[in-house]
Visitor: 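Please read through the structure below; I'll follow up with questions.
Worth saying up front: this structure is predicted, and the values here are computed from it rather than measured.
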Amino acid sequence: MRLIKGIANFRRLYANSIDLNTKSYLSTTKRAFCRPSEYAKVVNTTITCSPFYCSNNLGSRSHSSRPEMEGIEHRVIKANGINIHVAEKGKGPVILFLHGFPELWYTWRNQITAFASLGYRALAPDLRGFGETEAPDDASTYNSLHVVGDLIALLDVVAADQDQVFVVGHDWGALIAWWLCMFRPDRVKALVNMSVAFNPRNPNMKPLEGLRALYGDDYYICRFQEPGVIEAEFREMGYERVLKGFLTYRDPCPLLIPKGKYFGQPDTPISWPSWFSEEDCKYYLSQYEKKGFTGGLNYYRNINLNWQLTAPWTGSKIKVPVKFIVGDQDLTYNAPGIKDYLHKGSLKKNVPLLEEVVVMEGVAHFLHEEKPDEVNKHIHDFFNKF
């Protein structure tokens with residue numbers, strides 16, 4: 001998604017459990033869907049899972065039958081002073097999946113079931129401010145230290161028996177994963193990050209000012225800064241169109257959102273790709289209609305504050321084993337200078353234990369949704385080394 005180009009650019013510029021599973025539903029193969037808002041557990045649907053493919057007893061992988069949702073449990077954890085919703089499945093070594101904007105835990109639905117079938121325990125929280133997780137009113141609490149603090153406190157509860165966990169991140173989740181590895185490398189066994197590459201902090205340039213100078217005031221990160229303004233525009237446009245526009249976006253160019261004109265609004269139709277259905281959009285819509293977009297937007301409103309807070313880590317390197325994956329149609333991969341950065345040694349210099357950079361052909365920003373089987377195999381092949 002375009003959201004990431006800016007994140008990639010600004011990185012370059014600076015560089016006890018409350019178990020609420022009290023209900024169960026008898027599902028059919030028509031709709032094996034677990035609703036976290038009810039903290040329900042889906043049961044009694046026959047599921048067959050191979051490592052990178054899950055199907056119900058009808059042999060279907062359609063979105064209507066939702067096999068990827070089977071057996072996913074939901075609970076709320078009190079951690080770092082807020083209530084955090086987490087979806088989980090499986091037993092074994094923990095994989096912590098971190099989503100981006102405007103995603104939710106749901107973006108990892110194709111990974112959770114696959115890795116549970118491979119002997120892992122897959123954990124996918126809604127990050128602070130998203131979905132069923134609490135959204136503090138103070139925008140400044142969406143900074144890097146607070147968000148990493150959420151993850152450490154969460155792991156202390158749900159993975160107390162494991163000193164280290166595997167981590168997978170995408171979009172803002174990738175950025176947060178880099179911070180997690182920088183602040184607490186002792187807690188991460190290995191990392192697979194997607195779309196947003198690590199770049200060290202530039203002590204001489206605040207990221208927001210650099211982005212505005214490079215792309216102008218209509219650049220999406222710049223447009224997200226003033227509280228309430230973009231929220232009002234999203235309401236006027238309609239949340240369904242906003243979500244559909246973001247979550248199906250494939251343009252590798254910078255994301256500019258002049259008022260009233262982004263995503264071709266209001267006349268240009270947005271078609272459904274094969275990997276993202278109307279039903280998927282309805283789930284996202286059901287969550288964003290509850291609390292709006294402010295929680296997710298607050299991450300962007302902390303870009304300069306994060307730059308200030310990470311000053312003590314200027315010059316630090318990521319010292320955990322890493323595999324990086326990106327699509328060649330992702331706007332992050334097409335940002336100025338990124339290809340040279342990834343392929344000519346600079347990323348390796350900043351991430352000394354980087355083992356591989358994978359560029360997936362014909363794939364855009366939401367690679368883990370667009371090509372879940374391929375991405376799952378890349379993740380499994382890497383984590384299997386450990």
Visitor: For a 4.5 angstrom cut-off between non-hydrogen side-chain atoms, does Q225 reach L297?
Guide: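 A side-chain contact under 4.5 Å is absent here.
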
Visitor: In terms of side-chain geometry, is the basic nitrogen of R121 or E88 positioned less than 4.0 Å from the acidic oxygen of its partner?
Guide: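 Looking at E88 together with R121, the answer is yes, because their closest N to O distance falls below 4.0 Å.
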
Visitor: Kindly state whether the ring of W105 and the ring of F97 have centres lying under 6.0 angstrom apart.
Guide: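 Aromatic pair excluded; centres sit 6.0 Å or further apart.
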
Visitor: Side-chain contact test, heavy atoms from C-beta onward, threshold under 4.5 Å: evaluate it for F101 versus F130 and give yes or no.
Guide: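 Touching, per the 4.5 Å side-chain cut-off.
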
Visitor: In terms of side-chain heavy atoms, does Y142 have a donor or acceptor partner in N306 at a distance below 3.5 Å?
Guide: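 Side-chain D/A pair, Y142 to N306: absent.
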
Visitor: Please state whether the rings of F386 and F382 are parallel, tilted or perpendicular, taking 30° and 60° as the class boundaries.
Guide: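 It falls in the perpendicular class, over 60°.
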
Visitor: H170 and H99: side-chain donor and acceptor closer than 3.5 Å?
Guide: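 Checked: H170/H99 side chains show no N/O donor-acceptor pair below 3.5 Å.
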
Visitor: Given 3.5 Å as the limit, does a donor-acceptor pair link the side chain of K348 with the main chain of P352, or not?
Guide: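 Judged by distance alone, yes, a pair lies under 3.5 Å.
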
Visitor: For the pair R109 and D280, find out whether any cationic side-chain nitrogen is under 4.0 Å from an anionic carboxylate oxygen.
Guide: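 A salt bridge is present here (some side-chain N lies under 4.0 Å from a carboxylate O).
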
Visitor: Mind checking whether I152 and L180 have side chains closer than 4.5 Å, heavy atoms only?
Guide: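 Yes; the side chains approach each other to less than 4.5 Å.
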
Visitor: Does any donor atom in the side chain of N304 or E209 lie under 3.5 Å from an acceptor atom in the other side chain?
Guide: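 A donor-acceptor contact under 3.5 Å links the two side chains.
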
Visitor: Answer yes or no: is there an ion pair linking D373 with K377, defined by an N-O contact shorter than 4.0 Å?
Guide: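 No, no charged N to carboxylate O under 4.0 Å.
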
Visitor: Have a look at K371 and tell me which of I325, V363, N376 forms a side-chain contact (heavy atoms from CB on, under 4.5 Å) with it.
Guide: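 Among the candidates, only V363 passes.
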
Visitor: Decide whether D126 and Y106 meet the rule of one side-chain donor and one side-chain acceptor closer than 3.5 Å.
Guide: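 Judged by distance alone, the side chains do not pair up.
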
Visitor: Does a sphere of radius 6.0 Å around CG in D186 hold more than 12 heavy atoms from other residues, nucleotides or ligands, not counting ones at 6.0 Å or beyond?
Guide: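 More than 12 within 6.0 Å, yes.
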
Visitor: Please verify the inter-ring angle class for F383 with Y120; under 30° counts as parallel, over 60° as perpendicular, anything in between as tilted.
Guide: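 Rings of F383 and Y120: tilted, 30 to 60°.
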
Visitor: Please check if the number of heavy atoms outside D138 that lie under 6.0 Å from its CG is greater than 12.
Guide: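 Yes.
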
Visitor: Counting only heavy atoms not in K244, do more than 12 fall under 6.0 Å of its NZ?
Guide: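 Yes.
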
Visitor: Is the NZ atom of K385 crowded by more than 12 outside heavy atoms at less than 6.0 Å?
Guide: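 Enclosed.
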
Visitor: Could you check E369 against R250 for salt bridge (charged side-chain N to carboxylate O under 4.0 Å, His left out), going step by step and ending with a plain yes or no?
Guide: CA-CA 13 Å; E369 297 210 52; R250 295 183 59 84; over 6 Å; no

Visitor: Check whether the ring centres of F293 and Y239 lie less than 6.0 Å apart, and answer yes or no.
Guide: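 Distance test on ring centres: under 6.0 Å, yes.
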
Visitor: Hey, are D150 and N80 close enough side-chain-wise for a donor-acceptor pair under 3.5 Å?
Guide: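 Yes, a side-chain donor-acceptor pair sits under 3.5 Å.
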
